[in-house]
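Worksheet: the structure to be examined is printed underneath.
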Amino acid sequence: MGARAVTGRIIETDADVAEGLKALTALCPSLAEAAEVSGPLPLRRKPDGFAELLSAIVSQQVSVASANAIWARIEGAGLTAPNPVANASEEELRALGLSRQKIRYAHALAAADIDYPALHHAPNSEVIKTLTTVPGIGTWTAEIYAMFSLGRADIFAHGDLALQEAARVLYALPHRPKEREMRIIAAAWSPWRSVAARLLWAYYRAHKQREGIR
């Protein structure tokens, strides 16, 4: 079985996103409506590996400004690889701005010994399973990593509140769909669920801006 058969389509360029968007808008008039409102979609490819997941942990439950400040200190201290983090004391990490819980998560990630290159060739389900065994990495973080760091085209963050709310507005649903309902809705967007997620996030932002104007 070839790598692509296991991982599915990989989004690497803006042209890949555009191809997925074209397929989705042809599939569903509501998605075509969302695309008209949202405009061009971002590629949003990110680096992969330990540092990206550690950055995600740092960003949990703090403002963007605070997360950026803490991450800058972590980078300045050279603590963006497993061994340095594993050898850093709780006092050192606390001085950089990490809470006790996030220190535990950082040490757990450093000790997890994840084979990051191997994740590039693993099925989506295996990627999610591998990452969520690490304390501090939930399903949403694992899905976002698969989507933007690994470029998987057919993955969706079903528990994301913004995606759920965008689907509610777009399809005029009586309530915001829960994760299980969102899985059913998103199944129709395969094999471009990652592009559908980009579209719904963009639509959500556009809708909120319109609400603000009112």
- prompt: Which value, rounded to the nearest 0.5 Å, describes the distance between Arg104 atom CZ and Leu109 atom CG?
  reply: 12.5 Å

query: Can you find a heavy atom in the side chain of Arg152 that is under 4.5 Å from one in the side chain of Ser194?
result: no

task: Any pair with a residue in residues 64-76 that passes salt bridge (charged side-chain N to carboxylate O under 4.0 Å, His left out), sequence neighbours left out, goes on the list, sorted by first then second residue, please.
output: none

- prompt: Taking only residues two or more places apart in sequence, or in another chain, which ones meet Ser190 in a side chain to side chain contact (heavy atoms under 4.5 Å, CB included)?
  reply: Asp154, Arg193

What side-chain donor-acceptor pairs closer than 3.5 Å can you find for residues 52-62, not counting sequence neighbours?
unit_1: Ser59; atom_1: OG; unit_2: Ser55; atom_2: O; d: 2.9
unit_1: Gln60; atom_1: NE2; unit_2: Gly136; atom_2: O; d: 2.7

- request: Evaluate whether atom CG of Asp115 has more than 12 neighbouring non-hydrogen atoms of other residues, nucleotides or ligands under 6.0 angstrom away.
  value: yes

query: Taking C-beta and beyond as the side chain, do Val17 and Arg198 meet within less than 4.5 Å on heavy atoms?
result: yes

Pair listing, ring-ring contact (aromatic ring centres under 6.0 Å, His included) test, anchored in residues 62-109, at least two apart: none

query: For Asp16, what residues pass the salt bridge (charged side-chain N to carboxylate O under 4.0 Å, His left out) criterion, not counting sequence neighbours?
result: Arg9

task: For Pro84, enumerate each residue passing the side chain to side chain contact (heavy atoms under 4.5 Å, CB included) test, keeping only those at least two apart in sequence or located in another chain.
output: Leu79, Ala81

task: Kindly say whether Leu161 contributes a backbone atom to a donor-acceptor pair with the side chain of Tyr204 at under 3.5 angstrom?
output: no

- prompt: If two hydrophobic side chains count as joined below 4.5 Å and joins carry through other members, does Phe50 share a cluster with Leu131?
  reply: yes

message: Please determine whether a side-chain nitrogen of the Lys or Arg among Arg45 and Glu12 lies less than 4.0 Å from a carboxylate oxygen of the Asp or Glu.
response: no

field: Residues forming a side chain to side chain contact (heavy atoms under 4.5 Å, CB included) with Ser125, sequence neighbours excluded
entry: Pro123

message: Can you list everything that forms a salt bridge (charged side-chain N to carboxylate O under 4.0 Å, His left out) with Glu36? Sequence neighbours excluded, please.
response: none

query: So, Glu165 and Arg168, do they make that salt bridge, N to O below 4.0 Å?
result: yes

task: Just jot down the side chain to side chain contact (heavy atoms under 4.5 Å, CB included) partners of Arg44, sequence neighbours excluded, or say none.
output: Pro42, Phe148, Trp201

message: My understanding is that only residues two or more places apart in sequence, or in another chain, count here; which of them pass salt bridge (charged side-chain N to carboxylate O under 4.0 Å, His left out) with Arg180?
response: none

query: If we only count heavy atoms from C-beta on, is the His120 to Thr7 side-chain gap below 4.5 Å?
result: no

Contacts of type salt bridge (charged side-chain N to carboxylate O under 4.0 Å, His left out), residue Arg183, not counting sequence neighbours: Glu179

statement: Between Ala157 and Leu163 the two heavy atoms that sit nearest each other are O-CD1, 3.4 Å

- prompt: Okay, side chain of Ser38, backbone of Ala35: is any donor-acceptor separation there less than 3.5 Å?
  reply: no

message: Strictly by ring-ring contact (aromatic ring centres under 6.0 Å, His included), give each pair with a member in residues 159-197 just once, sequence neighbours left out.
response: Phe156-Trp189

